[in-house]
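First listed ligand is number 1; within each ligand, the first listed atom is number 1. Residues: numbered from 1 along the sequence shown. Fair warning: this is a prediction, and the values are worked out from it, not measured in the lab. Only heavy atoms go into these numbers, but all of them, side chains included; no hydrogens, no water, no symmetry mates.
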Amino acid sequence: MLGQSFMGTAPSAPIFVDLSWRPGVDRGSRPLWLWQKLSGEPPNRAPATRVCGLPIAVASLFLEGLQRTRCCKCARKGKAFEIVEVEGSGLGAVACKDFHPGELVLTEEPLCKFESSDASLRMVERKCANLPDDLRKKVLSLEDSFSFDTKTFRGILETNGMVCESGSDSDPKALFLEVSRFNHSCNANCDYSWRDRQNCMDIYAQTIIRAGEELCIPYIDLREPRQVRQQLLKENWRFRCRCEVCCLKDFSESDRRRLRLGELSALLYSSRTSGRTLRIAKKLLKLYNDEHISAQSYKLEACKFGYRASLDLNDNEIAPRFAQLGLKSAMICHGPEHEETQEWVDIMSMWD
Ligand SMILES: [Zn+2]
Ligand SMILES: [Zn+2]
């Protein structure tokens, strides 16, 4: 039997939820209906107040302490964030309003896509050089970590290219004008998610974010000790990370946990028995909480393995808990419409 610690901050929602929504029969859209189910709120009670398009009772499941959505001037103009000078790291994205976990920060289509091969890079370089004036200037204003004197399109592409295929860790890459402005943090409060069919990158808040806080995404796998992270960032982006985790006076505990997280997550892929996989997945979920890692994608990975293993073991107690946590994590890192979230919706429906 698993304690509450496994689920992290204990949700007030019931562990088992009814997922019998039928399109065209039941009221509301599936995502909203789902949030209502997760929050334990009766689906047809009229919501009084709304936060980010969700009834407050529904949103409150993830708000955890958020009092009221505070808006600065830009937020009133409809801006969720602005690109401003951030102390010590050049330009960065700063929140103009409060965000709750799973809230969409930005959706952006790539300016261009490319592969790492020399031929592909050269073709895109030419394309960039022939862009209309204003666009070309915008591209040239992006960071170039590799050129010494004058910025080059090659340097800009290599600095800002983001992998845009799920399951791939190198190619193809895409260049974004706005997403490129988000700086790195080893405890990033946002994460990015690529939607293949719609050809766009989404950025979602992973935790509660207050207006005025910088919005950051992880550039690297965060499950590494400080020295490894610093080295990766230096090699690939030529900067020294000064995030709150890297600046901890005593980072030995954090290092120990992150090293362990890296080892354990690799073991998920090599484990040969379901019993072992299940133990590893539970240990990982506890460690992610202990280290206060905001990015939900890591938890999602552990849930995938944990769920499959608990099915193999016919453990009907643990399986729906993994299913629910997997669904919650998928909602927060990929949003309600993403294919991966839909897979978890289907999984949950089996525990009706
Ligand atoms: Zn603002
Ligand atoms: Zn850092």
Side-chain angles (χ1 to χ4, degrees), residues 8 81-95 99 101 105-106 142-146 155-156 158-163 169-170 173 176 178-193 201 203-266 284-302 329 332-333:
F81 65 90
E82 56 194 332
I83 308 298
V84 289
E85 198 74 38
V86 177
E87 212 191 308
S89 32
L91 291 177
V94 172
F99 287 93
V105 174
L106 166 70
L142 296 177
E143 203 65 39
D144 177 353
S145 311
F146 298 100
I156 288 170
E158 282 175 341
T159 308
N160 298 284
M162 290 174 84
V163 178
D169 49 342
S170 54
K173 286 184 178 163
F176 302 89
E178 282 204 281
V179 174
S180 296
R181 295 298 187 192
F182 286 66
N183 288 320
H184 162 87
S185 163
C186 300
N187 195 8
N189 51 11
C190 293
D191 206 352
Y192 54 90
S193 165
M201 191 71 96
I203 292 187
Y204 286 100
Q206 298 298 293
T207 182
I208 294 169
I209 301 169
R210 303 288 182 184
E213 280 177 33
E214 187 180 1
L215 301 167
C216 292
I217 55 175
Y219 289 6
I220 52 167
D221 194 323
L222 301 178
R223 298 166 295 185
E224 298 281 6
R226 183 174 176 274
Q227 204 192 343
V228 176
R229 299 197 306 271
Q230 293 282 1
Q231 199 183 323
L232 283 169
L233 294 167
K234 191 161 186 172
E235 271 167 23
N236 293 292
W237 291 275
R238 308 281 153 93
F239 72 87
R240 238 180 87 91
C241 185
R242 291 187 188 83
C243 76
E244 81 244 30
V245 190
C246 290
C247 289
L248 281 174
K249 242 190 218 139
D250 180 9
F251 47 81
S252 57
E253 266 300 288
S254 165
D255 268 5
R256 190 189 58 77
R257 279 194 290 260
R258 290 191 186 222
L259 194 64
R260 192 75 187 124
L261 282 168
E263 290 166 356
L264 285 172
S265 56
L284 277 167
L285 289 173
K286 189 180 175 307
L287 269 174
Y288 287 132
N289 284 332
D290 291 350
E291 181 61 10
H292 303 293
I293 295 212
S294 303
Q296 297 289 311
S297 57
Y298 302 132
K299 280 190 190 170
L300 189 56
E301 177 189 60
S329 306
I332 294 175
C333 56

Hey, can you pull the donor-acceptor pairs under 3.5 Å for the side chains in residues 243-250, sequence neighbours left out?
from: Asp250; atom 1: OD1; to: Ser252; atom 2: N; distance (Å): 3.1
from: Asp250; atom 1: OD1; to: Ser252; atom 2: OG; distance (Å): 2.7

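Listed by chain and number, the protein atoms of type N/O/S under 2.8 Å from the Zn ion (ligand 2) are Cys186 SG, Cys241 SG, Cys243 SG, Cys246 SG; waters are omitted.
Around CD of Glu213, the count of heavy atoms belonging to other residues, nucleotides or ligands within 6.0 Å exceeds 12.
In this pair, His184 and Phe239 present their aromatic rings tilted. The plane angle is within the 30 to 60° band.
Applying the side chain to side chain contact (heavy atoms under 4.5 Å, CB included) rule to Ser297 yields the partners Asp191, Ala295, Cys333; only residues at least two apart in sequence or on another chain are considered. Every side chain to side chain contact (heavy atoms under 4.5 Å, CB included) that Asn236 has, sequence neighbours left out, goes to Leu232.
Screening Arg258, Arg256, Lys299, Arg260 for a salt bridge (Lys or Arg N to Asp or Glu O under 4.0 Å) with Glu291, the sole residue that qualifies is Arg258.
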